[in-house]
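Just below is one structure, and these are the notes that go with it.
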Amino acid sequence: MVGMSGGVDSSVAAWLLHEQGLEVEGLFMKNWEEDDDEEYCAAAIDLEDARQVCERIGIHLHTVNFSSEYWDRVFQYFLDEYQAGRTPNPDVICNREIKFRAFLDHALDLDTDYIATGHYARCEASSSDTSLRKAHDRQKDQSYFLHTLEQDQLQKSLFPLGGIDKSKVREIAKAQAFKVHDKKDSTGICFIGERKFRDFLKQYLPAKPGPILSPEGEALGTHEGAMFYTIGQRQGLGIGGQAHLPEGAWYVADKDIESNTLHVVQGKQHPALFHSRVFTQTIHWISGGPPSDMKNLVAKIRYRQPDQDCSIRQCEDSRYEVSFAEPQWAVAPGQSVVFYKQDRCLGGGIIIGREA
């Protein structure tokens with residue numbers, strides 16, 4: 001059962017499996033309907049695109065509505081994290097709870113052996129476990145977003161695109177006359193899409209204006225609610241052109257939710273934007289346990305970031321401290337730190353704190 005999104009990646013994933021001689025069916029998930037309108041409701045278009053691809057391949061397309069599961073398991077978490085002052089990554093939670101749980105459970109109920117998606121990643125089975133590996137196309141690798149998967153989820157999952165480049169995927173789609181061969185990649189919030197982000201959040205979290213302060217404590221302006229901003233953010237602060245201060249862009253360095261205060265600094269290289277240590281409460285290890293060597297790893301604190309040398313140690317209060325060889329820019333609590341050994345994704349945890 002292939003998760004069909006109506007995009008080029010899942011379309012080619014389905015075609016590749018069909019060409020291998022497997023019995024393939026598709027499933028289209030609708031997961032958001034709270035504010036569907038002409039401007040933002042792309043689900044109908046995506047469903048039609050998925051249907052056309054399945055018809056061309058010659059496979060059956062199922063449809064299912066996981067809107068309730070998405071709200072309870074993903075979107076409520078998303079809102080709670082923002083309200084707490086953190087910056088969540090909905091794609092990570094969406095993969096864990098919807099694509100590889102709700103979808104997997106539904107597919108197994110339909111007597112399916114495996115699910116498949118258009119993710120750029122690879123699975124590698126051994127006698128001891130199934131490992132998650134980076135995709136051949138490192139620019140598109142999505143293992144970062146899959147680091148919370150369990151062994152039973154990986155063992156039932158196929159990633160047909162893991163060994164080919166994105167450019168090749170589009171070539172295949174064009175050769176098969178898929179209308180979606182040049183369709184723009186989806187961006188924005190998982191299953192919700194591109195939005196005017198702050199306006200979208202205001203529908204669920206009321207605006208609460210407060211002060212924007214310089215490192216010296218000077219009030220530079222007013223924000224719409226500290227929860228709406230993320231560490232390292234430059235756009236949308238509305239504090240440019242301070243006549244009595246040197247010219248230069250301002251960046252969010254910290255935010256205090258209790259006092260509803262936004263702290264900003266001037267210049268992308270300001271020391272307050274860099275931290276060498278981050279902390280997580282727990283770490284999910286894909287293999288079921290930590291690696292034997294916790295001192296010679298690499299990690300990412302955001303998608304597409306180059307691998308960063310690091311080591312891990314468990315603190316006395318049961319937290320984990322991740323120490324980086326080089327200070328990391330704009331570490332945002334709520335985001336994931338994901339660990340690798342060469343091309344193997346070991347797992348990761350949610351950042352709860354940082355220190356210089």
**OP:** Locate the shortest heavy-atom distance separating N260 from P209; write the atom from each residue and the value.
**Re:** ND2-O, 3.1 Å
Subject >> Result of checking V169, L161, V2, V24 against L16 for side chain to side chain contact (heavy atoms under 4.5 Å, CB included) >> reply: L161
Original post:
Is there a side-chain contact between H136 and I164 (heavy atoms, below 4.5 Å)?
Top reply: no
Original post:
Just how far is it from atom NZ of K183 to atom OG of S11, taken to the nearest 0.5 Å?
Top reply: 8.0 Å
Subject >> side-chain contact (heavy atoms from CB on, under 4.5 Å) assessment of V8 paired with D182 >> reply: CA-CA 8 Å; V8 66; D182 59 353; over 6 Å; no
Subject >> Heavy-atom pair with the smallest gap, counting every atom of D343 and R133 >> reply: OD1-NH1, 2.9 Å
Subject >> Pair K166-Q139, side-chain contact (heavy atoms from CB on, under 4.5 Å): steps then yes or no >> reply: CA-CA 9 Å; K166 177 71 178 213; Q139 295 301 311; over 6 Å; no
Original post:
Looking at N95, I286, T148, L104, which one forms a side chain to side chain contact (heavy atoms under 4.5 Å, CB included) with Q153?
Top reply: L104
**OP:** For side-chain hydrogen bond (donor to acceptor under 3.5 Å, both in side chains), just list the numbers for S143 and D141, CA-CA rounded to whole Å, side-chain angles, deciding distance to a tenth of an Å, and then say yes or no.
**Re:** CA-CA 6 Å; S143 58; D141 171 59; 2.8 Å; yes
Original post:
Considering residues, nucleotides and ligands other than D111, do more than 12 of their heavy atoms fall under 6.0 Å from its CG?
Top reply: no
Original post:
Hey, are the side chains of F159 and L154 touching, using non-hydrogen atoms and a 4.5 Å cut-off?
Top reply: yes
Subject >> Hphob cluster co-occupancy, F78 + W71, side-chain heavy atoms under 4.5 angstrom >> reply: yes
**OP:** Say whether M1 and L108 are linked into one hydrophobic cluster, either directly or through other cluster members, by side-chain heavy-atom distances under 4.5 angstrom.
**Re:** yes
**OP:** Could you tell me whether the side chain of Q233 and the main chain of Q235 form a donor-acceptor pair under 3.5 Å?
**Re:** yes
Subject >> Main-chain N/O of G353 paired to R319 side chain as donor or acceptor, under 3.5 Å >> reply: no
Subject >> K174/E171 salt bridge by N-O under 4.0 Å criterion >> reply: no
**OP:** Measure the SG-CD distance between C310 and E321 for me, rounded to the nearest 0.5 Å.
**Re:** 11.0 Å
Original post:
Which atoms form the tightest heavy-atom contact between Y251 and G232, and what is the distance?
Top reply: CD2-O, 3.4 Å
**OP:** Heavy atoms only: give me the nearest I239-L220 pair and the separation to one decimal.
**Re:** CG2-O, 3.6 Å
**OP:** Hey, could you give me the CD1/OG distance between I301 and S336, rounded to the nearest 0.5 Å?
**Re:** 11.0 Å
Original post:
Quick one: which of I115, T63, V64 gives a side chain to side chain contact (heavy atoms under 4.5 Å, CB included) with L27?
Top reply: V64
Original post:
Does one hydrophobic cluster hold both F339 and I350, with members joined at side-chain heavy-atom distances below 4.5 Å?
Top reply: no
Original post:
Any donor and acceptor pair, going by atom type alone, linking the side chain of H147 with main-chain N or O of L346 inside 3.5 Å?
Top reply: no
Original post:
Quick one: do V331 and W329 end up in the same hydrophobic cluster if we chain Ile, Leu, Val, Met, Phe, Trp and Tyr together by side-chain heavy atoms under 4.5 Å apart?
Top reply: no
Subject >> Short N-O contact, R344 and D129, less than 4.0 angstrom >> reply: yes
Original post:
Can you tell if the side chain of L79 reaches within under 4.5 Å of the side chain of L205, non-hydrogen atoms only?
Top reply: yes
Subject >> Check: H275 side chain, R277 main-chain N or O, donor-acceptor pair, under 3.5 Å >> reply: no
Original post:
Any ion pair linking K134 and D307 (charged N to carboxylate O, less than 4.0 Å)?
Top reply: yes
**OP:** Taking all non-hydrogen atoms of both residues into account, name the closest pair between Q266 and P246 and its distance.
**Re:** NE2-O, 2.6 Å
Original post:
Is the backbone of S5 close enough, under 3.5 Å, to the side chain of S10 for a donor and an acceptor to pair up by distance?
Top reply: yes
**OP:** Starting at CG of L237, measure out to CH2 of W250 and round the result to the nearest 0.5 Å.
**Re:** 10.0 Å
**OP:** Inspect the surroundings of OH in Y114 and state if more than 12 heavy atoms from other residues, nucleotides or ligands are less than 6.0 Å away.
**Re:** no
Subject >> Q335 (side chain) donor-acceptor with T87 (main chain) under 3.5 angstrom >> reply: yes
Subject >> Within 6.0 Å of NZ in K168, more than 12 heavy atoms from elsewhere >> reply: no
Original post:
Can you tell me how far the CG atom of D105 sits from the CD1 atom of I98, to the nearest 0.5 Å?
Top reply: 10.5 Å
Original post:
Considering only heavy atoms from C-beta outward, does the side chain of R51 approach that of M4 to under 4.5 Å?
Top reply: no
Subject >> Single-linkage hydrophobic cluster L47~W32, side-chain heavy atoms < 4.5 angstrom >> reply: no
**OP:** Looking only at non-hydrogen atoms, find the nearest pair between Y77 and R73 and report the distance.
**Re:** CB-O, 4.1 Å
**OP:** State yes or no: are the ring centers of Y204 and F75 separated by less than 6.0 Å?
**Re:** yes
Original post:
Do the side chains of F66 and H106 get nearer than 4.5 Å, heavy atoms only?
Top reply: yes
Subject >> Check ion pair R354-D254 (N to O, under 4.0 angstrom) >> reply: yes
Original post:
Distance from H62 atom NE2 to C54 atom SG, nearest 0.5 Å?
Top reply: 9.5 Å
**OP:** Flag the pair E355 / F279 as yes when at least one side-chain heavy-atom distance between them is below 4.5 Å, and no otherwise.
**Re:** yes
Original post:
Just by modelled atom types, is the P306 backbone N or O under 3.5 Å from a matching donor or acceptor in the Q308 side chain?
Top reply: yes
**OP:** Check the surroundings of atom NZ in K202: do more than 12 heavy atoms from other residues, nucleotides or ligands lie under 6.0 Å from it?
**Re:** yes
Subject >> Residue pair L149, L132: steps toward the side-chain contact (heavy atoms from CB on, under 4.5 Å) verdict >> reply: CA-CA 9 Å; L149 298 189; L132 177 66; 5.7 Å; no
Original post:
Does a side-chain heavy-atom distance below 4.5 Å link R304 with K140?
Top reply: yes
Original post:
Taking the six-membered ring of Y229 as reference, does the NZ or CZ atom of K255 fall below 6.0 Å from its centre and within a 45° cone about the axis?
Top reply: no
Original post:
Looking only at atom types and distance, does a side-chain atom of H181 sit under 3.5 Å from a main-chain N or O of F178, one as donor and one as acceptor?
Top reply: no
Original post:
Under 3.5 Å, is there a donor-acceptor pair between the N65 and S67 side chains?
Top reply: yes
**OP:** Consider only side-chain N and O atoms of D80 and Q76, and report whether a donor and an acceptor are under 3.5 Å apart.
**Re:** yes
Subject >> Trace of the side-chain hydrogen bond (donor to acceptor under 3.5 Å, both in side chains) decision for D9 with Y120 >> reply: CA-CA 9 Å; D9 294 330; Y120 287 82; 2.8 Å; yes
**OP:** Please check if the distance between the ring centroids of F145 and Y303 is under 6.0 Å.
**Re:** yes
**OP:** Go through the steps for Q328 and V278 under the test side-chain contact (heavy atoms from CB on, under 4.5 Å), then give the verdict.
**Re:** CA-CA 9 Å; Q328 301 297 298; V278 304; 5.9 Å; no
Original post:
Is it true that a side-chain atom of Q151 and a backbone atom of T130 form a donor plus acceptor pair closer than 3.5 Å?
Top reply: yes
**OP:** Please tell me if the side chains of Q281 and S318 come closer than 4.5 Å, counting only heavy atoms from C-beta onward.
**Re:** yes
